[in-house]
Q: 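One structure coming up, written as structure tokens, with questions to follow.
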Amino acid sequence: MTRRHAVVHTELGDLTMIADGPALAAVYFPHHWHLPPESDYGDPVSADDEVFAQTARELDEYVAGERREFDVEITTAGDEFSERVWALLREIPYGTTTTYGELARRLGNPRLAQRVGQCVGRNPISVIVPCHRVIGADGSLTGYAGGLDRKRRLLEIEEPPEAAEARLF
């Protein structure tokens, strides 16, 4: 199998997905920040491609509250620091959040929060690698490559029922 892409309809909207061999390499929302050049997308294929169909199915189950972890195989190709940040993102439990500063601290240097933020913003596999679970130090929703409204929706999907019931809005 070669590198390939398709626009795939999901409960989260039409997503551009890129696969490399048997693994998912990217998930991008419409108007996503930091897109790679189109030459990196590979050949256009049908959304019925096995990797894309599995990803769409798992995303739809996630939106329906039936899935908390993803089984689709993934691959990333970042520099060493980015790969370390993306690995930390995969460790953030469903329904919880952390901060850029906390991730920097876990990497051994709390002064790296801004650099961590840059890597989080360039995470190529939205939702599956849960960059939406990273918030500002003050608890605010900070930038999200797919847009803050999408980040808010993803966090609401994961919000424990008792927390949702306690909200005043």
Side-chain angles (χ1 to χ4, degrees), residues 1-98 100 103 107 115-135 141-158:
M1 286 190 215
T2 60
R3 194 162 178 92
R4 62 207 180 278
H5 75 279
V7 175
V8 181
H9 180 72
T10 72
E11 293 297 322
L12 293 171
D14 291 340
L15 304 175
T16 299
M17 296 184 191
I18 300 172
D20 195 355
L24 182 68
V27 174
Y28 297 118
F29 289 103
H31 312 292
H32 200 97
W33 305 345
H34 313 299
L35 292 172
E38 285 189 30
S39 60
D40 288 355
Y41 285 29
D43 297 329
V45 297
S46 166
D48 294 334
D49 176 278
E50 185 177 327
V51 172
F52 303 144
Q54 178 183 354
T55 303
R57 185 174 50 257
E58 290 184 12
L59 286 170
D60 290 350
E61 291 167 357
Y62 165 82
V63 170
E66 300 165 357
R67 175 176 290 277
R68 291 176 169 225
E69 295 179 6
F70 296 91
D71 297 324
V72 66
E73 182 181 344
I74 64 170
T75 185
T76 53
D79 61 36
E80 181 183 342
F81 188 79
S82 295
E83 292 291 340
R84 289 176 60 206
V85 171
W86 299 336
L88 287 177
L89 294 178
R90 290 190 293 272
E91 293 176 7
I92 304 168
Y94 179 96
T96 64
T97 58
T98 192
Y100 301 97
L103 292 175
L107 289 168
R115 186 167 174 211
V116 165
Q118 291 168 348
C119 293
V120 170
R122 285 175 171 72
N123 165 30
I125 308 179
S126 296
V127 186
I128 309 290
V129 175
C131 53
H132 59 278
R133 296 178 186 157
V134 184
I135 60 175
L141 292 187
T142 56
Y144 185 65
L148 287 181
D149 288 341
R150 286 189 184 100
K151 183 173 188 168
R152 185 175 293 108
R153 179 169 182 218
L154 294 169
L155 291 173
E156 287 172 355
I157 288 168
E158 297 184 12

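Predicted model, so just to flag it, every value in this text is computed and none were measured. Only heavy atoms go into these numbers, but all of them, side chains included; no hydrogens, no water, no symmetry mates.
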Q: State the CZ-CG distance between R4 and D20, to the nearest 0.5 angstrom.
A: 8.0 Å

Q: Got a sec, which residues hit side-chain contact (heavy atoms from CB on, under 4.5 Å) with S82, two or more places apart in sequence or on another chain?
A: D79, W86, C119

Q: Calculate, to the nearest 0.5 Å, the distance between atoms CZ and CD1 belonging to R90 and I125 respectively.
A: 7.5 Å

Q: For S126 and H32, work out which heavy atoms get closest and say how close.
A: OG-CE1, 3.1 Å

Q: Please give me the minimum heavy-atom distance between Y94 and I157, naming the atom from each residue.
A: OH-O, 3.3 Å

Q: Indicate the atoms forming the closest heavy-atom contact of A53 with D48, along with that distance.
A: CB-O, 4.1 Å

Q: Name all residues meeting the side-chain hydrogen bond (donor to acceptor under 3.5 Å, both in side chains) criterion together with E83; count only those two or more places apart in sequence or in a different chain, and write none if there are none.
A: T76

Q: Just so I know, are the side chains of K151 and L154 near enough to count as touching, which here means a heavy-atom distance under 4.5 Å?
A: no

Q: What are the two closest heavy atoms between F81 and R115, and how far apart are they?
A: CB-NH2, 3.3 Å

Q: Hey, mind stepping through V85 and Q118 against side chain to side chain contact (heavy atoms under 4.5 Å, CB included) and telling me if it holds?
A: CA-CA 10 Å; V85 171; Q118 291 168 348; over 6 Å; no

Q: I128 versus Y62: any side-chain heavy-atom pair under 4.5 Å?
A: no

Q: Quick one: list whatever passes side-chain contact (heavy atoms from CB on, under 4.5 Å) with T98, sequence neighbours left out.
A: I92, E102, L103, V134

Q: Test of understanding: with salt bridge (charged side-chain N to carboxylate O under 4.0 Å, His left out), list the residues that count as partners of E61, not counting sequence neighbours.
A: R67

Q: Show which side-chain atoms of residues 143-150 pair as donor or acceptor with protein atoms under 3.5 Å away, not counting sequence neighbours.
A:
{"from": "D149", "atom 1": "OD1", "to": "R152", "atom 2": "NH1", "distance (Å)": "3.1"}
{"from": "R150", "atom 1": "NH1", "to": "G146", "atom 2": "O", "distance (Å)": "2.5"}

Q: Within this structure, what is the CG-CZ distance for the pair L15 and F29, rounded to the nearest 0.5 Å?
A: 6.0 Å

Q: With side chains defined as the heavy atoms from C-beta onward, is the minimum distance between F70 and L59 less than 4.5 Å?
A: yes

Q: CD/E50 to OG1/T55 distance, rounded to the nearest 0.5 angstrom?
A: 10.0 Å

Q: Which residues pass the salt bridge (charged side-chain N to carboxylate O under 4.0 Å, His left out) test with D43, sequence neighbours left out?
A: none

Q: Suppose we screen for side-chain hydrogen bond (donor to acceptor under 3.5 Å, both in side chains). Which residues come up paired with E58, at least two apart in sequence or across chains?
A: Q54

Q: Pair up each side-chain donor or acceptor in residues 34-42 with any protein partner under 3.5 Å, not counting sequence neighbours, and list the distances.
A:
{"from": "H34", "atom 1": "ND1", "to": "R122", "atom 2": "NH2", "distance (Å)": "3.4"}

Q: According to salt bridge (charged side-chain N to carboxylate O under 4.0 Å, His left out), who are the partners of E80, at least two apart in sequence or on a separate chain?
A: none

Q: To the closest 0.5 Å, what do you measure between CG (L107) and CG (L88)?
A: 5.0 Å

Q: Rounded to the nearest 0.5 Å, how far apart are CZ of R68 and CD of E158?
A: 8.5 Å

Q: Looking at every non-hydrogen atom in both residues, tell me the closest pair between T10 and M17 and how far apart they are.
A: CG2-CE, 4.0 Å

Q: Using the test side-chain contact (heavy atoms from CB on, under 4.5 Å), find all partners of A23 that sit at least two apart in sequence or belong to another chain.
A: E73, T75

Q: Looking at residues at least two apart in the chain, or sitting in another chain, which of them share a side-chain contact (heavy atoms from CB on, under 4.5 Å) with V7?
A: D14, T16

Q: V51 and G21: which non-hydrogen atoms are nearest, and at how many Å?
A: CG2-O, 4.1 Å

Q: Please enumerate all residues that pass side-chain hydrogen bond (donor to acceptor under 3.5 Å, both in side chains) together with E66, with sequence neighbours excluded.
A: none

Q: Quick one, R3 and I18 - any side-chain contact, counting heavy atoms below 4.5 Å?
A: yes

